[in-house]
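Contents: one structure, followed by commentary.
These figures come from a predicted structure and were not determined experimentally. Naming convention: chains lettered A, B, ... in sequence-line order (proteins, then strands); numbering from 1 in each chain.
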Protein chains: 2
Amino acid sequence: MDMKLKQQASAITELTFDLLRCCEAKEKMFAKDHGLKVAEFRCLRIVEAGKTYSVQELATSMHLSPSRLTRIIDGLFAEKLVDRVQSIEDRRFAKISLTNKGQTMVGKLKEEYADLHGEMLKDISSEDRDKIYDGISLMQGLVSGWLLRNV
Amino acid sequence: MDMKLKQQASAITELTFDLLRCCEAKEKMFAKDHGLKVAEFRCLRIVEAGKTYSVQELATSMHLSPSRLTRIIDGLFAEKLVDRVQSIEDRRFAKISLTNKGQTMVGKLKEEYADLHGEMLKDISSEDRDKIYDGISLMQGLVSGWLLRNV
DNA sequence: ACTTATTCTTTGCTAAAGGCAAAAATACTG
DNA sequence: CAGTATTTTTGCCTTTAGCAAAGAATAAGT
């Protein structure tokens, strides 16, 4: 019965690998079409309107180093998509938030990125879409759990 | 009812995005632990022992440019993991194949990468593993189909 | 046969992505 | 106040990646 696990693991490894390559290509196209660098798109996609974030928060949730985030934010700041102010409570912290322009951009981005996926998903049944959701949700939980345990 | 598609698309978009970040981190860790660059690991993972590949074949299946592949192969060649010979039938083509050392390496890599996933998957039920497989398989098909249509 | 186009790979150059270590700025603690 | 810890930034370097031109070989046209 352990044999079965091994076989399933192997198949999932392969598939996930392929999915990854495709999704990276997809992200790259999408970012380019919207005049953004991939890293900028990825960053914008996780900041919510009205909230503020520290550099570290963004870094950990993007699985990147703080120094890398500083540079990404530099770019977004230069394009006036985010604000960066020093926190008053603890002036070591930066408070990153979306500007109005940034909010509009992010809204459009999320909308259109979801539309792109809607376009892909429109020809399959609602049940299959649920299957995709369930499968990816399970996998995502496993991988992020594993990452937490393995630093 | 179109509402439902939109909602499903949105949820799947979010999840896929998160999964991607995690899997990239996972790949990066794994490659580093094996003394490989990420690009090298990704390349090795798709070449099968005994087969030969042109630069272009590898490039398209990795969703990268031929010139990028030349450099990746340079690295693998320098480490004596792959051979690169000119094809005799058509001397424009390169024939890339695994060396013995490369075959051993790839065998180990595949084995251990599947083990890593086995480790993640071992605590869930076999049915859930099948759900993961089915979900990711569906999604992979959709995304790669979409990529083909959208160049 | 000889010129012209096509195809595959490589090379030179550049940009983007990303990390590490040290520095700068601030906060906390004895 | 001196020393330590934390957060971000800066300098520097590596890795990843593509584009455009060059090289090398084949195919096609006349």
Looking only at side-chain atoms of Ser65(A), point me to the closest of dG19(C), dT16(D), dT9(C). dG19(C)

Grab the NZ-P distance between Lys32(B) and dG19(C) for me, whole Å please. 9 Å

Nearest-neighbour nucleotide for the Arg68(A) side chain, dG18(C), dT8(D), dA27(C) considered: dG18(C)

Measuring from the side chain of Ser67(A) (C-beta onward, heavy atoms only), which nucleotide among dT10(D), dG18(D), dT9(C) has the closest atom? dT10(D)

Assign Arg91(B) to base, sugar-phosphate, or nothing according to its heavy-atom contacts below 4.0 angstrom with the strands shown. sugar-phosphate

Between Lys26(B) and His117(B), does any side-chain donor sit less than 3.5 Å from a side-chain acceptor? yes

Side chain of Arg71(A) only, please: which of dA27(C), dT9(D), dT10(D) is the nearest? dT10(D)

Tell me whether Glu14(B) is salt-bridged to Arg45(A), with the criterion being a basic N under 4.0 Å from an acidic carboxylate O. yes

Connected to Leu20(B), directly or through other members, by ILVMFWY side-chain contacts below 4.5 Å are Leu20(A)

Using a cut-off of 4.0 Å on non-hydrogen atoms, how would the nucleic acid contact of Lys28(B) be classed: base, sugar-phosphate, or nothing? sugar-phosphate

Which nucleotide, dT11(C), dC19(D), dA27(C), lies nearest any side-chain atom of Arg92(A)? dA27(C)

Quick one: do the His34(A) and Glu112(A) side chains pair a donor with an acceptor below 3.5 Å? yes

